[in-house]
Amino acid sequence: MSIKFKPPIGKFSRLNGKCISLVGDDIDTDRIIPARFLKCIDFDSLGKSVFDDDRRTLKGNHPFDLEINKGASILIVNSNFGCGSSREHAPQALMRWGIKAIIGESFADIFYSNCIAIGVPCFTLPKESIKKIQQYLDIKNLFLEIDLLKSTAKAEDLKFNLEIKETSKKMFLSGEWDATSKLLENMDLIENKLNDLPYIKFNIN
Amino acid sequence: MSKDTLFDKVWDLHKVANLPGGSDQIFIGLHLIHEVTSPQAFGALKDKNLKVKFPQRTVATVDHIVPTDNQSRPFKDNLAEQMIDTLEKNCIDHKIKFFNIGSGNQGIVHVVAPELGLTQPGMTIACGDSHTSTHGAFGSIAFGIGTSQVRDVLASQTIAMNKLKVRQIWCENKLANGIYAKDLVLHIINQLGVKAGVGYAYEFAGPAISALSMEERMTICNMSIEGGARCGYINPDEKTFSYMKDKLCSPQNKNWEKAVKWWKSLKSTDNCIYDDVFKLDASQVEPTITWGITPGQSIGINQKIPSLNNIHPNDQFIAREAYEYMGFKPGQSIKNTPINVCFIGSCTNGRISDLRVAAQVLERHKVAKNIKAIVVPGSEKVAKEAKEEGLDKIFIKAGFQWREPGCSMCLAMNSDKLIGNQVSASSSNRNFKGRQGSPNGRTLLMSPAMVAAASITGKVSDVRDFIKK
């Protein structure tokens with residue numbers, strides 16, 4: 001694990017990787033990264049602590065510990081993944097473990113925006129398709145090729161039409177998912193807005 | 001698509017631009033920060049050679065990691081000390097107002113901002129914490145953000161976001177005696193489910209909501225996120241204004257009149273359009289307790305833990321997981337479940353009215369043998385007020401430990417943690433696996449009054465048995 005982590009930068013339209021399945025609904029961000037690991041001033045060391053409690057409980061049998069899942073980068077999940085706390089430490093921990101994209105039935109709002117903000121696309125598929133992928137993964141490895149432009153995920157013998165929010169898709173395709181500089185381009189409008197807001201005026205005591 | 005709701009009005013007012021990707025650029029009127037989700041954001045600013053654009057629109061406090069027993073510096077926990085130290089430095093470097101320990105105004109960020117009058121109707125409020133929805137109780141549009149968005153707000157006072165849909169949750173009639181806001185919000189989440197709110201802002205309305213005090217309204221909006229809604233709000237009314245009058249940062253003198261006039265114009269208009277409306281009868285709500293590992297898995301005190309065939313197929317997987325983790329069997333009563341730990345506090349229920357209600361239940365009673373009971377005021381102001389009223393003495397006399405303000409055992413980032421598979425009766429907001437600091441610790445969410453009742457008997461009890469005259 002001595003390879004230095006490189007966060008994704010720039011635009012991308014294709015993504016290949018081995019899938020790892022994590023079965024369960026409502027998997028919250030406390031489970032993804034327990035609160036004790038939030039005592040840090042950077043995200044660097046979070047990768048190894050992802051799902052720490054669940055992994056301890058399963059004593060080596062958690063999907064993130066299984067030898068067969070080594071090197072996986074596309075996470076397959078079920079419904080309402082990432083609910084709970086707004087901690088960006090959760091997608092940061094997944095990303096630093098090696099996850100580059102997530103495909104699930106549905107995602108919690110804040111978790112979803114955190115993933116997009118750090119460059120981890122989240123796609124949705126119907127329950128049955130996720131089940132199909134998870135059953136496939138029970139038997140053998142699955143390598144998917146994700147085409148962001150066409151919104152498809154393909155393997156030799158499987159093909160799925162992925163859903164992703166149009167705004168997120170455009171961001172990745174254009175490389176503008178790192179929002180700060182885009183926001184700052186509108187500084188004149190921002191300053192005008194500040195001057196226009198009624199409460200700014202009556203809060204000068 | 002919603003139209004003319006408070007959410008629409010406030011959103012449109014704060015919209016700066018349409019972004020090329022299709023989302024909106026939204027101005028953030030008030031940005032709140034704390035020690036856990038801000039250091040990496042300040043780090044990113046440094047990396048990009050950026051400054052905090054409008055430092056006067058960000059306010060900081062420290063809450064998640066603070067010890068509640070001994071707060072003398074440096075903290076015993078080196079990592080906790082490093083985090084508060086980093087926040088102190090960042091606030092000095094960027095000229096951000098910081099309510100530190102001992103300032104008289106430190107506390108849980110969602111308790112502090114309303115009590116200082118920072119939280120106001122019609123504002124957009126963001127904070128790197130999912131319970132930012134709390135501030136919606138004042139008719140502000142408030143939501144949690146991640147660290148990358150904290151960075152964006154610091155750098156530009158704006159974020160990129162897609163507009164949410166609006167669901168009105170209409171609560172008919174009134175809560176019965178001995179039933180609290182916590183019971184109502186747990187009931188709402190149970191009825192709608194933990195993911196129904198994804199993509200929505202929740203507008204809480206109806207006679208039962210109007211009847212609630214401001215602090216009770218905060219409890220309701222606080223837990224919107226547990227129902228999946230990033231944002232929850234209540235239209236401002238006379239109660240809102242009278243709560244805010246003469247707060248430290250509230251508009252003063254002539255400005256107050258102007259502010260009230262504007263605030264009154266914000267509420268959802270009579271013929272506004274919602275994307276969805278959900279109605280419930282608040283008079284039917286019982287003291288409500290969670291039995292599982294999501295805040296949606298709750299039942300009334302007199303109900304039995306549901307069996308799989310009474311649970312929607314989509315919720316059966318997590319129900320199975322919950323039975324196993326909690327050690328409950330379908331059909332079992334929740335009443336009389338033995339508990340080990342009682343926790344009163346958190347941004348959901350750590351305010352002065354919460355402490356008053358719990359103290360009332362505890363008066364002339366003792367905490368049962370072998371129960372560890374702690375009460376953690378939500379802020380230094382709450383602690384001061386409670387002491388002036390003698391509430392601390394009631395708690396201590398009953399056998400509770402009276403602690404210093406912070407988030408404490410809600411998420412156990414300090415040394416207040418469950419041990420092993422202890423069962424906790426908790427006034428907090430999340431009963432997730434491992435949430436209270438032990439990987440197999442078990443949390444039963446309930447109102448502070450119900451926690452107080454449980455502490456006396458040592459088991460889940462109906463608080464109405466203690467408040468009957």
Side-chain angles (χ1 to χ4, degrees), chain A residues 23-26 28 30-31 34-36 38-43 53-54 56-57 78-80 83-89 91-92 106-110 113-114 117-118 127 165-168 170-171 174 176 179-180 182-184 186-187 189-190 193-194 197-205, chain B residues 13 16-17 19-23 25 27 29 36-37 39-40 43 48 54 65 79-80 82-83 86 120 122-123 128-130 144-149 151-152 155-158 160 162 194-195 198-199 228 230 251-252 255 258-259 262 294 314 317-318 321 411-413 430 432-435 439:
Chain A
V23 178
D25 296 325
D26 307 315
D28 59 76
D30 273 86
R31 280 173 73 182
R36 61 182 175 278
L38 274 50
K39 273 192 270 181
C40 56
I41 54 168
D42 54 46
F43 294 125
D53 283 353
D54 286 2
R56 275 171 202 270
T57 308
N78 297 96
S79 152
N80 201 27
C83 58
S85 153
S86 66
R87 59 188 74 165
E88 191 172 298
H89 306 66
Q92 288 279 359
S106 63
F107 299 92
D109 269 345
I110 307 179
S113 19
N114 285 341
I118 65 171
K127 198 179 177 69
K165 280 184 192 164
E166 209 47 40
T167 48
S168 314
K170 281 183 189 159
M171 282 166 95
S174 65
E176 285 165 0
T180 320
K182 275 281 144 209
L183 297 171
L184 285 170
N186 292 331
M187 194 39 77
L189 296 174
I190 296 171
K193 182 56 79 182
L194 175 75
L197 287 168
Y199 57 80
I200 303 291
K201 297 186 192 82
F202 52 64
N203 275 307
I204 304 162
N205 289 320
Chain B
L13 178 67
V16 173
L19 291 168
S23 52
Q25 182 170 1
F27 187 91
V36 176
T37 55
Q40 296 89 343
K48 287 172 183 271
F54 302 110
I65 52 96
L79 288 172
Q82 190 190 13
M83 294 187 81
T86 304
Q120 296 179 11
M123 272 184 178
D129 190 285
S130 61
I145 55 177
T147 297
S148 295
Q149 289 188 312
R151 173 203 63 203
D152 291 346
S156 74
Q157 206 58 38
T158 64
N162 292 321
V194 291
K195 52 180 172 273
V198 173
R230 190 171 187 172
Q252 310 288 330
N255 282 334
K258 282 186 207 162
W262 182 64
T294 80
N314 286 347
F317 188 95
I318 189 84
E321 218 176 328
L411 85 169
M413 276 193 78
R430 287 184 176 140
F432 297 153
K433 285 181 171 181
R435 171 76 179 182

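The figures here come from the full heavy-atom set of this structure, side chains too, leaving out hydrogens, waters and symmetry mates. In the text below, chain A, chain B and the rest are named by the order of the sequence lines, each starting its count at 1.
For A/Ser174, no part lies near chain B; criterion is any non-hydrogen pair under 4.5 Å. Both the backbone and the side chain of B/Ser23 come within contact range of chain A, judged by heavy atoms closer than 4.5 Å. Contacts between A/Pro198 and chain B at a heavy-atom distance below 4.5 Å involve the side chain alone, from C-beta outward. Using a 4.5 Å cut-off between heavy atoms, A/Arg31 touches chain B through its side chain atoms alone. Interface residue A/Leu183: backbone and side-chain heavy atoms are both found under 4.5 Å from chain B. Both the backbone and the side chain of A/Asp25 come within contact range of chain B, each with at least one heavy atom under 4.5 Å from a heavy atom of that chain. With a 4.5 Å cut-off on non-hydrogen atoms, A/Ser106 touches chain B through its side chain but not through its backbone.
Minimum heavy-atom separation, B/Gln40 to B/Thr147: CB-CG2, 3.7 Å. What you find for A/Arg36 and A/Asp53 is that their closest heavy atoms are NH2-OD1, 2.6 Å. Residues B/Met83 and B/Val36 come closest through the heavy atom pair CE-CA, 3.7 Å. Residues B/Gly22 and A/Thr167 share a closest heavy-atom pair of C-CG2, 3.4 Å. For the residue pair B/Ala155 and A/Thr180, the shortest heavy atom distance occurs at CB-CG2, 3.8 Å.
Of the listed residues A/Leu38, A/Leu189, A/Ile110, the one with more heavy-atom pairs under 4.5 angstrom with chain B than any other is A/Ile110. Ranked by non-hydrogen atom pairs under 4.5 Å with chain B, the options A/Pro91, A/Cys40, A/Ser79 are led by A/Cys40. Among the candidates A/His89, A/Arg56, A/Arg87, the residue making the largest number of heavy-atom pairs closer than 4.5 Å to chain B is A/His89. Comparing B/Lys258, B/Arg151, B/Gln82 by heavy-atom pairs within less than 4.5 Å of chain A, the highest count is held by B/Arg151. When B/Gly199, B/Gly434, B/Ala80 are compared by the number of non-hydrogen pairs under 4.5 Å with chain A, B/Gly199 comes out ahead. Heavy-atom pairs under 4.5 Å with chain B were tallied for A/Asp109, A/Ile118, A/Asn186, A/Leu197; the largest tally goes to A/Asp109. Interface remark: of the candidates A/Asn114, A/Asp54, A/Asn80, A/Asn80 forms the most heavy-atom pairs closer than 4.5 Å to chain B. Heavy-atom pairs under 4.5 Å with chain A peak, among B/Leu19, B/Thr294, B/Leu13, at B/Leu13. Ranked by non-hydrogen atom pairs under 4.5 Å with chain A, the options B/Gly43, B/Ser130, B/Gly122 are led by B/Ser130. For the set A/Lys170, A/Gln92, A/Lys182, the count of heavy-atom pairs under 4.5 angstrom toward chain B peaks at A/Lys170. Ranked by non-hydrogen atom pairs under 4.5 Å with chain A, the options B/Arg230, B/Lys48, B/Gln157 are led by B/Arg230. Between chain A and the residues B/Leu79, B/Ile65, B/Val194, B/Val198, the most heavy-atom pairs under 4.5 angstrom are made by B/Val198.
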Side chain to side chain donor-acceptor pair (under 3.5 Å) between B/Gln149 and A/Ser113, worked out:
CA-CA 9 Å; B/Gln149 289 188 312; A/Ser113 19; 4.6 Å; no
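A donor-acceptor pair is defined here as one N or O able to donate and one able to accept, closer than 3.5 Å; such a pair exists between the side chain of B/Arg430 and the backbone of A/Gly84. For B/Thr158 (side chain) and B/Phe27 (main-chain N/O), no donor-acceptor pair under 3.5 Å exists by modelled atom type. Judged purely by atom type and a 3.5 angstrom limit, A/Asn78 uses its side chain to pair as donor or acceptor with the backbone of A/Gly24.
The side chain to side chain contact (heavy atoms under 4.5 Å, CB included) test applied to B/Ala412 returns B/Lys417, not counting sequence neighbours. For B/Met123, the side chain to side chain contact (heavy atoms under 4.5 Å, CB included) criterion is met by A/Tyr199, A/Asn203, B/Leu30, B/Arg57, B/Gln120, B/Ile125, B/Ser140, not counting sequence neighbours.
Between A/Asp26 and B/Lys433 there is no salt bridge, since no side-chain N of the basic residue sits under 4.0 Å from a carboxylate O of the acidic one.
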